[in-house]
Structure formats: C-alpha cells, structure tokens
2 protein chains.
Amino acid sequence: MKKDSYHHGDLANELLAAALKIVERQGADAVSLRDLAQNLGVSRAAPYRHFPDRDALLAAVAARGFEDLVEAYESVLADRELPGAEVLRRGWLVYLDFARRRPGLFQLMFDSDFLGRDKPPKVMVPPADRAYHLLWEGMRRAHPQADDATIKMRTATAWSTIYGYIALDRANRFKTFMIRPLSREAVAKAVLAASC
Amino acid sequence: MKKDSYHHGDLANELLAAALKIVERQGADAVSLRDLAQNLGVSRAAPYRHFPDRDALLAAVAARGFEDLVEAYESVLADRELPGAEVLRRGWLVYLDFARRRPGLFQLMFDSDFLGRDKPPKVMVPPADRAYHLLWEGMRRAHPQADDATIKMRTATAWSTIYGYIALDRANRFKTFMIRPLSREAVAKAVLAASC
DNA sequence: CCTTTAATGTTGTCGGCGCTCACATTGCGG
DNA sequence: CCGCAATGTGAGCGCCGACAACATTAAAGG
C-alpha cells in the first residue's frame with residue numbers, strides 16, 4: 001500500500017482510522033491534525049487535501065461511530081421472534097455498552113453540536129438519522145398498539161434517561177452523593193419499566 | 001474602582017465576571033485568557049497572578065454556576081408548606097430553566113469533567129456537592145416514607161432523565177426524528193410520574 | 001515616616017495549534 | 001505521450017496557554 005514516496009496512497013482512510021483511535025482512547029480534544037500527519041509520515045498540510053478542516057475529520061469519525069451503533073442495534077431488531085419488551089431492553093443495552101466501551105467516541109457523537117448546526121456535516125446526517133429511527137422502531141416493537149405520538153413521547157423520555165445516565169456516570173457524578181452508580185441492568189430495567 | 005494605572009484593583013473578580021459572561025454567551029471554549037486580559041486593559045500574563053491556569057478560571061466560573069443553582073433550588077425547598085410532589089416538580093423546573101437560560105454555563109458545570117478528575121478543583125466541590133444533596137432532599141420530600149436506597153435510586157433515574165433531556169434538546173437531537181421537542185412541563189411531568 | 005516585602009502587573013519568549021498559499025510531484029485519462 | 005487534476009510539501013500567519021525575568025505598587029512593621 002505504502003509507496004514510501006511522495007504519494008501516500010490512502011491518506012484519507014488512514015487519517016480517519018488514526019483519528020478514530022485517538023478519539024476512543026483520549027477523546028476528541030486530543031485530536032491534532034499536525035500530530036496525525038506526523039505520525040502518518042506526512043506533512044502538516046497534507047490532511048487538508050482530504051478534509052477541509054478539523055471539524056470535518058471529527059464529523060467523519062462521528063459518522064463512523066453512528067454506523068457501528070446502527071449495526072449493533074439492527075442486530076437486535078433483526079430477531080423477529082424476540083418479544084417487543086426484550087427488543088427494547090436489549091436495544092438500550094446496546095447503547096449502554098457502546099457508551100461504556102467507546103466513551104470518547106460516544107461523547108463525540110452525542111455531545112458535540114455537529115448535528116445542531118445550521119448545516120450539519122452531510123456525512124453524519126444519514127447514519128445519525130438512522131440511529132434515531134431505530135430507537136423509534138424499537139419502541140414501536142415494544143408497544144405495537146400505541147399511537148405514534150405516544151411512541152415518540154416514550155422514546156424521548158427513555159432516550160433522555162439512558163443518555164443522561166451515561167453522561168452523568170461518565171463524569172462520575174453518581175459517586176459523589178450515591179453509594180455507587182447503578183448497574184447497566186438496573187438502568188435498562190428502570191427505563192424499561194418507565195416506558196411501559 | 002479602576003485606578004487607571006499599574007494595579008488594576010479587582011482583577012480576579014473582573015476576570016471571573018468577564019469569563020462568566022463569555023461562558024454564558026458563547027460557551028467555555030470561547031474563553032481565552034489573552035482576550036480577557038486585553039478586554040480588561042491588562043497584560044496577557046496578569047491573569048496568571050490570580051488563576052494558575054485556564055482550567056482554574058473555568059472551575060471558578062462553574063463553581064459560581066453551582067452556587068446560583070443551589071440558591072434557586074433552595075428557594076423551592078424553603079417553602080415547608082409545599083406538598084412533596086410539588087417540591088420535586090418545581091425543583092426539576094429549576095434545573096430545566098437554568099439549563100435553558102444559561103446553556104453555556106450549564107454545559108461547563110455538568111459536561112466538563114472537572115469533578116471526575118483525580119483532584120477536582122476545590123472551589124467547586126462544595127457547591128456541587130450541595131447541589132446533589134438538594135436533589136436527594138427534594139426526592140425525600142416527595143417520598144417521606146421511602147427508604148434511603150429507594151430515594152437514591154429514584155433520584156438517580158429522574159436526574160438522568162432531566163439531564164439527558166436537557167443535553168439532547170440543547171443539541172437539537174429531538175428535531176430530527178420528533179415533530180418537536182417536549183415542553184419543559186411535559187418533561188417535568190413525565191419524570192415526576194416515573195418517580196412516583 | 002520610612003523601609004522592606006509580598007502582591008500584582010509587564011514584556012519577552014517558547015511551543016503547539018489550525019489554516020492558507022505558492023510550489024513540487026505524481027498518476028491518470030485524453 | 002502529454003497535460004491536467006489530484007495529492008503532498010514547506011513556509012508562514014495569527015492565535016493560544018504558559019513560563020521567566022523584571023517593574024511597580026500597596027501594605028506591614030520598625
């Protein structure tokens with residue numbers, strides 16, 4: 001692959017892969033285009049041939065995160081035999097596991113305001129939209145007879161609870177006034193109970 | 001106040017006030033010690049006489065945010081006549097209002113990982129702890145006969161829901177797959193219902 | 001009242017960063 | 001085979017946080 005010469009060959013993908021690693025291990029703030037370029041043996045200006053700016057690279061990383069998340073969630077939905085409530089429960093566990101295993105990436109995906117901007121990065125809109133749709137889908141499986149407004153309402157509150165729990169736990173907020181944080185299972189159970 | 005000469009007079013407080021304004025209007029990322037110094041008519045190095053580094057200044061801003069939040073929450077708890085459930089509901093509204101009116105500050109207080117560090121900044125630990133304690137206090141008022149473990153559990157889940165809703169709404173996450181976000185009242189109501 | 005001392009502010013400097021521009025090299029399609 | 005677009009280079013700009021050496025002032029104590 002590497003020509004070991006003027007042209008790198010696959011710089012765009014390697015930049016993305018390297019940035020993804022940094023994001024997962026140290027968080028998005030630790031991503032430096034200069035660092036990345038140097039580590040890939042390329043000049044500091046080279047990355048700008050593939051990504052207009054730093055945010056574009058991070059958006060691409062976030063998009064990939066959404067794709068992974070969607071894939072995991074879809075594997076839960078794929079089992080048409082599973083009872084609706086169990087689909088919902090396992091779906092939340094997918095989120096909790098993702099957030100626990102790849103905290104930096106999760107934070108980039110949901111805490112960065114890419115999607116709240118006037119012009120959200122086009123690479124991450126489709127996978128992000130798909131991820132949201134799957135939440136709705138899971139809730140619909142759990143409540144087949146509920147009307148759309150109810151499903152949306154329940155999805156919003158349950159998703160808020162899960163997301164909030166993840167964020168608060170990540171920041172060690174529970175340690176200060178609780179004996180210890182709740183287990184993943186306990187949270188999924190509580191949310192599930194609240195959405196029924 | 002201003003001597004218009006070598007010594008500024010109250011640089012520490014003015015730095016804090018100026019930083020607070022920036023945080024509220026543009027978010028913590030927009031805070032630059034150099035900018036602050038210049039706007040206060042002082043040299044770039046002067047701020048370092050009062051705050052060891054940028055994080056220390058931001059921590060002080062966050063601490064002040066917690067103090068304001070505590071004050072608002074305490075005014076709810078102060079009314080001993082109020083029914084417990086109403087105390088709880090108004091308490092959550094305090095959080096929702098604070099987050100809506102001062103989003104940058106709220107984000108600095110809860111999304112920054114100051115409190116998750118090995119050595120959290122000592123200025124913000126007491127007010128932050130107090131804020132958490134008040135949540136517990138509010139929940140206890142709503143459920144006087146519940147045991148401590150139950151109260152903690154309910155506080156954790158309700159707090160997760162509120163916090164998650166704030167974060168998701170702030171980032172415009174609901175717009176994408178919902179018709180429109182829920183009203184503050186609806187969220188408070190849903191959380192209240194879930195904690196009873 | 002004067003001197004010493006600690007507090008406070010200044011200038012200069014370093015390294016790191018994102019980003020841009022003019023230029024160099026390469027690979028590919030006509 | 002050639003020309004052009006894609007890709008990589010090096011230099012440089014402005015911004016930033018942080019530190020060190022030095023200047024000025026306020027306050028404390030004789």
Side-chain angles (χ1 to χ4, degrees), chain A residues 1-23 25-62 104 108 112-114 117 119 121 123, chain B residues 1-23 25-62 104 108 112-114 117 119 121 123:
Chain A
M1 319 293 127
K2 290 188 68 176
K3 312 287 284 221
D4 208 37
S5 63
Y6 202 87
H7 278 137
H8 183 281
D10 198 22
L11 187 54
N13 282 329
E14 294 205 26
L15 276 171
L16 204 142
L20 178 61
K21 265 187 200 156
I22 301 282
V23 167
R25 294 177 187 171
Q26 301 160 261
D29 285 347
V31 171
S32 147
L33 292 190
R34 287 168 108 101
D35 246 30
L36 253 41
Q38 188 161 14
N39 285 357
L40 294 177
V42 97
S43 87
R44 302 161 290 167
Y48 293 92
R49 295 293 167 189
H50 302 276
F51 299 95
D53 56 23
R54 185 174 174 276
D55 271 7
L57 174 57
L58 291 181
V61 171
L108 174 64
S112 74
D113 58 343
F114 284 138
R117 302 250 246 278
K119 190 219 119 326
V123 284
Chain B
M1 324 290 129
K2 290 187 70 177
K3 313 286 286 226
D4 208 38
S5 63
Y6 203 87
H7 277 138
H8 183 283
D10 198 23
L11 189 53
N13 283 330
E14 293 205 26
L15 277 170
L16 203 142
L20 179 61
K21 265 186 199 155
I22 301 281
V23 167
R25 295 178 186 170
Q26 302 160 259
D29 285 348
V31 170
S32 149
L33 292 190
R34 287 169 108 99
D35 246 30
L36 253 42
Q38 190 161 14
N39 287 355
L40 293 178
V42 97
S43 88
R44 307 157 283 172
Y48 291 93
R49 295 292 167 189
H50 302 274
F51 298 94
D53 57 21
R54 184 175 175 276
D55 270 7
L57 174 56
L58 291 180
V61 171
L108 173 65
S112 74
D113 58 343
F114 284 138
R117 304 250 246 278
K119 189 218 121 332
V123 284

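Order of the sequence lines fixes the chain letters, A, B, ..., with proteins taken first and strands second; residue numbering starts at 1 for each chain. In this text the structure is predicted, and so the values were computed from the model without any measurement.
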For atom CG of A:Leu36 and atom C1' of C:dC19, their distance in whole Å: 16 Å

B:His50 side-chain N/O to C:dA7 phosphate OP1/OP2 under 4.0 Å: no

B:Ala30: partners by side-chain contact (heavy atoms from CB on, under 4.5 Å), with sequence neighbours left out: B:Ile22, B:Gln26

Atom-to-atom span, CG of B:Leu11 to P of D:dT24 - whole angstrom: 19 Å

Any residue meeting side chain to side chain donor-acceptor pair (under 3.5 Å) with A:Asp35, in chain and number order, not counting sequence neighbours: none

Integer-rounded Å distance: D:dG8 P and A:Glu14 CD: 10 Å

Per-nucleotide protein contact string for nucleotides 11-17 of chain D (B base, S sugar-phosphate only, - none; heavy atom under 4.0 Å): BB---BB

Separation of atom CG in A:Asn13 from atom P in D:dT7, rounded to whole Å: 12 Å

Nucleotide C:dG9, atom C1' - distance to CG of B:Leu15 in whole Å: 12 Å

Pairing residues for A:Asp29 by the side chain to side chain donor-acceptor pair (under 3.5 Å) criterion, not counting sequence neighbours: none

Spacing of A:Asp10 atom CG relative to D:dG8 atom C1', expressed in whole Å: 15 Å

Distance in angstrom units between B:Gln38 CD and C:dT10 C1', rounded: 14 Å

Euclidean distance, A:Arg25 CZ relative to A:Leu20 CG, rounded to 0.5 Å: 9.5 Å

Protein-nucleotide distance (B:Arg49, atom CZ; D:dA21, atom P), rounded to Å: 12 Å

For a quick test of your reading: what N or O donor-acceptor pairs under 3.5 Å do the side chains of residues 37-58 of chain A make, sequence neighbours left out?
{"from": "A:Ser43", "atom 1": "OG", "to": "A:Ala45", "atom 2": "N", "distance (Å)": "3.4"}
{"from": "A:Asp53", "atom 1": "OD1", "to": "A:Asp55", "atom 2": "N", "distance (Å)": "3.3"}
{"from": "A:Asp53", "atom 1": "OD1", "to": "A:Ala56", "atom 2": "N", "distance (Å)": "3.0"}
{"from": "A:Arg54", "atom 1": "NE", "to": "A:Val31", "atom 2": "O", "distance (Å)": "3.0"}
{"from": "A:Arg54", "atom 1": "NH2", "to": "A:Ala28", "atom 2": "O", "distance (Å)": "3.0"}
{"from": "A:Arg54", "atom 1": "NH2", "to": "A:Val31", "atom 2": "O", "distance (Å)": "3.1"}
{"from": "A:Asp55", "atom 1": "OD2", "to": "A:Arg117", "atom 2": "NH2", "distance (Å)": "2.6"}

Closest contact, heavy atoms only, B:Leu36 versus B:Ala19: CD2-CB, 3.9 Å

